[in-house]
Amino acid sequence: MNKLLRVNYSLYIGVFLVSVLLFFAVFGPYLAPHQLSEALETQYRDGKVLAPPIQPFESGEYPLGTDRWGYDIASMILNGLKYTVFIAIAVTFIKMVLGTIIGLYVGTWKRTPGWLLAFENAWSFVPLFLIVYFFFRGINTLSFIPTWKLIMLFILITSLVSIPSIVSSVRQKTAELNKSVYIEAARALGAGRHRLIWKHIFPQLKETFLVMFILEIVYVITIMGQLGLLEIFVGGTRVTYDPLLFHSITKELAGLVGQARGNIYGNLHILMVPLAVLLITTISFSLLANGMKNRFQSNYQRTPWIKTGQEPKLKPVRKNYIAQKGRKLLSPEPMALIILLILFISAGTYVYATKDQDIGVKNFSQAEYDLSLKMNKQGEFSSTANIEVKNESEDEWDKLVFYFIPNVFKEGHSFQSVEGYASVTLNHIKVDGKEADYELKDDTLSVFLSEKMDKGDKGKVEINYEFTLPEKGNRFSKVDKNYYLAQWYPMLATFREHKWNKEKYSEGLETYHTDFSDYKVSYDIPKGYTIASTADEDPPASETRGTLKAEKVRDFFISILKDTKVYEAEAKEGVKVRLFTEDDHNKDPEQSLDLAKKALSFYQDKIGEYPHETLDVVLDEGQFMEYPGIVTINPYIEDSYFYQVSIVHEIAHQYFYGTVSNDPYYEAWVDEGITEFATSMYFYAGKGEGEIKAFSLPLNRMKSIEEESVKRQHSNVPLDEVSHNGYVYGQPAVKLLELVNNRFMVKGNDPRIVGMEFLSAYYEKFKFKEVDSKMFADFAADYFLVPKGYFTDWLTLE
C-alpha cells in the first residue's frame, strides 16, 4: 500500500493524456471521418429517418453527433485541436523566453525601481483577455486578413501582453536567489552578471520554469476560451445571417464552445462535447504540471540538508548507489517513456501512411505492362503485350476486359475510318501460359478465365497481335511518314461497383477508362526514324532498338517520326522540353518552344512538381491531344491565338489528366474544364492579361451556347448526352472563375493568386488519384467555405 501511495499519479496520467492530445493535434485532420464542409442531409436509412442534429453514439458515421446543420462534431474537433494546442504552446514559448530573459537580468539589479513595482502591481489586476478582445474586435469578424495572419497576430499580441507577468514572477525568484551565499561567493571570485545568471541562477530555476511553462499553456487556453465566449475566435470569425450566427473558421476548441453556447437550452451535446474536450485539454496540462512539481520536490528532499521551504507531496526515496552499481537495465520510468514514444511514432507513421487511402475514386483492377513493339519498313506493326493483372475487389472474376485498338471491329477485319483503313489480327491470347478464349467486339476485348480470380489473385496475360494504322484522322494513325500510336496496346479497364467500367464503343468518344500503371516497352523500328514518347528518357535518334520505361502513368503514347527537327530548352527544376516539327508551316518553332517552356515553368512554380523528367511537344497535322509526358499540336491552323492557347492547354493537361485522373466518359469536365480554367489562369496570372481576354476562350464557348439556343445542361453528363462541348470545357472554367472572384477574400487579397493556390491545393490533394464531381465539390466547398449547393446549378451531385 505504501508503494501505491508513493506513485506520482499526476505525472504519469498527465504525460499519457498530453501525449494523446499531441497525437490528435498532429494527426487529427487525417483521422477526421468527414470534410468540414460535408453536412448530413435528412435521409431515410434502415427503417428510420436520419436527420441533424444527431446525438452522440446514435450513428456510427457520427460518433460524437452533429450540430443543427449536420456538420460532424468529431471532425470539427479533430481539425481544430491542432490550433488550440499549438497556438497555446507558441504563445507560451515566446512569452516565457522573452519574460525569463528580462526577468533574470532585472532580478539581479541591486535595487528594483519603484515605477517597475508599481507597474507590476497595476498590471496584475488587468484582465489580459480584454486587451486582446478590443484589439481583435474590429478585425477578426468578416476580415479580409488571411487566417494564418490572424493566427500569427494573435500569437504576437497575446505573447506581448503576457510578458510583464512572466517578468514579475522570474524577477522575484531571481532576486531571492541573488541574495544567496553561493552567489556572493561567485561574485567575490570575479563572476560577471552573465555568468551569475546562466551558470548559477538559471540552473537552480530551470525546474520551476518548466512547471511554469506547462501552467502558462493552460492560462493561454483559458484566454482563448474567454475570447470564444465573446465571439472572438482565433483565426477569424465567419458570420451568417437569418439567423445571425458566428462561426469559427479554424474550429479551434474555444471557438467551437463559443459558437455553440446558444445550445445550452436545447441540443446540449453541441456545446458539451467540445467543452468536455477543452476541459480534458486543460486538465491534462494541469496534471502534467502538478506531477512535474511533485517530482522535483521529491528529488530535492532526498537530501534533507537542502531545504526547499516546501513539504513534498510524495515521500522521497533515497538512492542506493551501492545497489545500483553495475546495473545496466533502464529504470521503469525511462522505459515507459521510450515505449510511449515508440507507440506515438508508430501510430503516427501508420496514420500518415494511410491518410490518402480514402481520397479519390477507388479502382479494384491493377495492371503492369511489359510490351514489345516492332515496325517494318512498310509501316506494319507486330506486338506482344505481357500484362500482369491483379484483382483487388471483393468479387470473383470470370473474365478480364480490355480496351483494344479503336476503329477495329473484330479479329482480322478492318473498316474505313476518317481517312484510310486500320486493321488488326489477333494471333493468340494466353493466361498464365494457357490458351484462353476471348471475344473482340468493337473496341472491347473480353478474355475469359478458365479459373476465376479471387481477391488478391494475380494473373499474367499474353496477347500477341499485328496491326496497321489508318491514314490521318485520329490519334491512332499515320500522317505522311510519321506514325502516332495512342491506345495501341490492350488497356485493362477499371473495375468498380462490381463491374468492368467499359462503355459501348462510340465513334469519336472516349468510352474507356484506365488506372495508373507501370510500363516497360521494348521497341524495334527501321533506320531513319526517331521516337518521342511517354517515357522519361527517350532514346537518341540513332538508336532504333531499345527499352522505354514509365511509372505511374495512365497510358503510354509513342510517336515514330522521320525527318523532323528537334528543338530543346530547359524549364524549372531541370525538366527538359523538346519540340519536334517540320518546316512546312508558318508557326515559329523557337517561339512555340519558348511558350511551352514558360507555361510549364509557371505551372511548376504555381501548381506543383511536374511528374516527368521530359515534356515532348510534337507539331504535326492532326488533333490537339495530351498524353503523359507528351502532347501533339496542329501547327497548320490559321488562328495563331488559338494555337498558343492550345499549347498551354495541353501542357496544363499534364497536371489535370496525366496526374489527377478522372473517368473520361462520365466525368470529362474534371480534366477538360479544370484544364481550361488553368489555361486561362496562365494568361491571367502568369502573363498579366485582363480577365476578359485571358478567359476569352471559355467565355466565347458560353456565348456560342446562347447563340445556338442549346438547352441548359450540367457539365457532368455522359459524353453521348452532351449537347454542346461548351458545357464540358467552358462552363466549368467560367464557374470556377466566378467562385474565385466571389470567395477569394477567404484565402487572400488577389483572385489571381488565390486561383492558382486553389489549383495547387487541388493538385496536391488528388495527385495520382481519381476525382469525380462530388469529390471536387467537397474539396472546393471546404476550401472556399461555401455550401455544396453552390455547385448544383452546373453539376449534378446526387
Side-chain angles (χ1 to χ4, degrees), residues 371 373-383 385 402-426 440 442-445 465-491 505-512 514 521 523-526 528-535 538 548 554-564 579-582 584-585 616-637 643 646 650 653 657 664 719:
L371 311 173
L373 178 71
K374 185 174 182 179
M375 171 186 163
N376 62 25
K377 295 180 179 180
Q378 289 72 42
E380 298 169 342
F381 293 86
S382 59
S383 178
F402 297 87
Y403 172 84
F404 190 57
I405 300 182
N407 302 332
V408 176
F409 277 109
K410 57 185 178 180
E411 177 186 2
H413 288 252
S414 61
F415 78 102
Q416 188 169 7
S417 61
V418 178
E419 288 186 46
Y421 295 85
S423 67
V424 63
T425 300
L426 274 170
L440 177 58
D442 297 339
D443 63 345
T444 303
L445 173 63
Y465 58 101
E466 299 168 3
F467 63 91
T468 61
L469 276 60
E471 294 289 335
K472 303 183 180 180
N474 58 56
R475 294 162 288 173
F476 178 76
S477 64
K478 176 184 177 183
V479 179
D480 296 328
K481 54 185 175 295
N482 297 327
Y483 296 83
Y484 298 101
L485 279 66
Q487 297 94 46
W488 55 276
Y489 55 92
M491 305 170 72
Y505 176 76
S506 181
E507 177 71 30
L509 302 182
E510 294 182 333
T511 59
Y512 68 97
T514 59
V521 181
Y523 68 91
D524 184 352
I525 60 176
Y529 287 92
T530 186
I531 280 182
S533 73
T534 292
D538 286 325
L548 308 171
R554 295 182 64 183
D555 54 1
F556 197 101
F557 177 82
I558 296 178
S559 57
I560 302 175
L561 310 171
K562 190 172 186 180
D563 300 331
T564 57
L579 185 139
F580 299 81
T581 184
E582 296 186 21
D584 57 346
H585 54 79
D616 289 338
V617 180
V618 179
L619 304 185
D620 202 353
E621 185 178 356
Q623 296 181 332
F624 296 86
M625 283 304 299
E626 75 286 346
Y627 309 95
I630 183 170
V631 300
T632 60
I633 306 292
N634 187 347
Y636 300 99
I637 62 172
Y643 169 78
S646 296
E650 304 307 338
H653 262 308
Y657 161 81
L719 280 181

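For clarity, every value in this text was computed on a predicted model and none was experimentally measured.
- Of all heavy-atom pairs between Leu548 and Ser533, the closest is CD1-OG, 3.7 Å.
- Under a 3.5 Å cut-off, the side chain of Asn482 and the backbone N or O of Leu561 do not form any donor-acceptor pair.
- Here the straight-line distance linking atom CG of Leu485 with atom CG of Asp555 works out to 12.0 Å at 0.5 Å rounding.
- In this structure, OH on Tyr483 lies 8.5 Å from CD1 on Ile560, to the nearest 0.5 angstrom.
- Distance check: Tyr529 OH to Tyr523 OH gives 15.0 Å after rounding to the nearest 0.5 Å.
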Stepwise, does the side chain to side chain contact (heavy atoms under 4.5 Å, CB included) test hold for Phe624 with Ile637?
CA-CA 11 Å; Phe624 296 86; Ile637 62 172; 3.6 Å; yes
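- Taken from OH in Tyr643 to CG in Leu619, the straight-line distance is 4.0 Å, to the nearest 0.5 Å.
- Using a 4.5 Å heavy-atom cutoff, the side chains of Leu469 and Trp488 are not in contact.
- The two residues Leu371 and Ala385 come nearest to each other via the heavy atoms CD2-CB, 3.5 Å.
- The shortest distance between side-chain heavy atoms of Leu445 and Leu426 falls below 4.5 Å.
- When atom types are taken as modelled, the side chain of Thr425 and the backbone of Glu466 share no donor-acceptor pair closer than 3.5 angstrom.
- Under the rule for a salt bridge (charged side-chain N to carboxylate O under 4.0 Å, His left out), the partners of Asp524 that lie at least two apart in sequence or sit in another chain are Arg545.
- Applying the side-chain contact (heavy atoms from CB on, under 4.5 Å) criterion to Asn376, with sequence neighbours excluded, gives Gln378, Glu380.
- Scored by the side-chain hydrogen bond (donor to acceptor under 3.5 Å, both in side chains) test, Thr632 finds no partners at all (sequence neighbours excluded).
- Once rounded to the nearest 0.5 Å, the distance linking OH of Tyr512 with OH of Tyr403 reads 6.0 Å.
- Applying the ring-ring contact (aromatic ring centres under 6.0 Å, His included) test to Tyr489 and every residue at least two apart in sequence or in another chain returns Tyr369, Tyr519.
- For the ring-ring contact (aromatic ring centres under 6.0 Å, His included) test, residues two or more places apart in sequence or in another chain that qualify with Tyr465 are Phe404, Phe467.
- Side-chain contact between Tyr627 and Gln487 is present, with at least one heavy-atom pair separated by less than 4.5 Å.
- Note that the CG atom of Leu579 and the CD1 atom of Ile633 stand 9.5 Å from one another [nearest 0.5 Å].
- With sequence neighbours excluded, the residues that form a salt bridge (charged side-chain N to carboxylate O under 4.0 Å, His left out) with Glu582 are Lys481.
- Taking 4.5 Å as the limit, some side-chain heavy atom of Pro628 sits within range of a side-chain heavy atom of Tyr657.
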